[in-house]
K.L.:
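First the structure, which I've put down as structure tokens, then a few questions once you've had a look.
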Amino acid sequence: MTKTRTLMDVRPALLTGVLLIAALLLSACAERRADRVAFDGVFFRSTAKKVDKQRDQFEVSVTPVSASLDGAREAGRYEAIRYCIAQFGTSTIDWVNGPDAEDGRLTISGDKLLLRGACAPQ
């Protein structure tokens with residue numbers, strides 16, 4: 001005679017599995033927050049991407065620039081350095097439109113600072 005399992009028989013295992021998955025997801029979020037760096041007291045969203053399919057050429061966008069222009073500059077520099085280290089193992093950058101430009105020469109679109117440069121592997 002075979003015994004048929006009911007939902008009541010499987011419920012403890014199902015609940016344990018759901019709790020383990022939830023704990024893993026929450027711990028991943030906590031780790032991501034711990035890796036964030038504040039610039040001028042603000043957490044900026046920044047991304048770096050290659051330009052025209054050339055890995056050495058990149059563009060960094062940083063938002064919200066309205067929170068702090070100086071902080072956005074440094075967040076952009078930080079993201080560019082991370083990109084070049086990940087791609088080429090060097091932090092040397094030849095800036096086309098960099099964070100050290102005068103305020104009037106920076107490219108700001110809406111609330112986004114745009115920086116452009118090239119990784120300079122040795």
Side-chain angles (χ1 to χ4, degrees):
M1 181 179 272
T2 59
K3 184 176 178 185
T4 313
R5 291 186 177 227
T6 64
L7 181 59
M8 296 302 254
D9 295 334
V10 204
R11 189 176 286 176
L14 183 63
L15 181 61
T16 302
V18 168
L19 288 175
L20 282 173
I21 290 170
L24 285 172
L25 290 174
L26 287 175
S27 68
C29 291
E31 287 177 21
R32 192 172 302 143
R33 286 189 186 139
D35 291 341
R36 295 180 66 196
V37 178
F39 296 92
D40 203 17
V42 179
F43 290 103
F44 291 92
R45 289 179 305 280
S46 58
T47 57
K49 61 181 180 180
K50 62 185 172 185
V51 176
D52 298 329
K53 298 182 183 180
Q54 296 179 353
R55 251 182 359 142
D56 63 327
Q57 306 287 319
F58 64 86
E59 183 176 83
V60 174
S61 65
V62 182
T63 58
V65 73
S66 60
S68 166
L69 180 58
D70 291 336
R73 287 176 191 248
E74 293 310 310
R77 183 189 322 270
Y78 178 81
E79 188 66 28
I81 290 171
R82 285 185 49 190
Y83 175 84
C84 288
I85 288 174
Q87 296 297 318
F88 298 100
T90 181
S91 61
T92 306
I93 298 172
D94 292 331
W95 291 103
V96 174
N97 183 17
D100 295 325
E102 297 175 13
D103 290 353
R105 303 198 115 177
L106 289 171
T107 304
I108 298 174
S109 175
D111 203 20
K112 185 185 299 185
L113 172 65
L114 300 172
L115 304 174
R116 215 168 161 167
C119 302
Q122 305 294 325

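Along the sequence shown, the residues carry numbers beginning at 1.
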K.L.:
Would you name the heavy atoms of Leu115 and Gly76 that are closest together and state the gap between them?
P.N.:
CD1-CA, 3.7 Å
K.L.:
Are Ile93 and Arg77 close enough, and set up right, to give a side chain to side chain contact (heavy atoms under 4.5 Å, CB included), and what steps lead you there?
P.N.:
CA-CA 10 Å; Ile93 298 172; Arg77 183 189 322 270; over 6 Å; no
K.L.:
Restricting to non-hydrogen atoms, name the atom on Ser66 and the atom on Asp111 that form the minimum distance, rounded to 0.1 Å.
P.N.:
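Of all heavy-atom pairs spanning Ser66 and Asp111, the closest is N-OD1, 2.8 Å.
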K.L.:
Measuring from atom CZ of Arg116 to atom CH2 of Trp95, what distance do you get when rounded to the nearest 0.5 angstrom?
P.N.:
12.0 Å
K.L.:
To the nearest 0.5 Å, what is the distance between OG1 (Thr107) and NZ (Lys112)?
P.N.:
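Answer rounded to 0.5 Å: 12.5 Å.
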K.L.:
Could you report the tightest heavy-atom contact between Tyr83 and Lys50, atom names first, then the distance?
P.N.:
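Closest pair (atom of Tyr83, atom of Lys50, distance): OH-CB, 3.4 Å.
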K.L.:
What pairs with Ala75 under side-chain contact (heavy atoms from CB on, under 4.5 Å), at least two apart in sequence or on another chain?
P.N.:
Phe39, Phe44, Val62
K.L.:
Heavy atoms only: give me the nearest Asn97-Arg105 pair and the separation to one decimal.
P.N.:
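Shortest heavy-atom separation between Asn97 and Arg105 comes out as OD1-O, 3.6 Å.
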K.L.:
Are any non-hydrogen side-chain atoms of Val37 and Tyr78 less than 4.5 angstrom apart?
P.N.:
yes
K.L.:
Please name all residues satisfying side-chain contact (heavy atoms from CB on, under 4.5 Å) with Leu69, sequence neighbours left out, ordered by chain then number.
P.N.:
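side-chain contact (heavy atoms from CB on, under 4.5 Å) check on Leu69 returns Val65, Arg73, Asp103, Leu106, Ile108.
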K.L.:
According to side-chain contact (heavy atoms from CB on, under 4.5 Å), who are the partners of Ala118, at least two apart in sequence or on a separate chain?
P.N.:
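Ala118 satisfies side-chain contact (heavy atoms from CB on, under 4.5 Å) with Gln57 only.
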K.L.:
Measure across Ala67 and Val42 and return the closest heavy-atom pair with its distance rounded to 0.1 Å.
P.N.:
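So the minimum-distance heavy-atom pair works out to CB-CG1, 3.8 Å.
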K.L.:
For Asp94 versus Ala120, what's the shortest heavy-atom pair and its separation?
P.N.:
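Closest approach of Asp94 to Ala120: OD2-CB, 3.6 Å.
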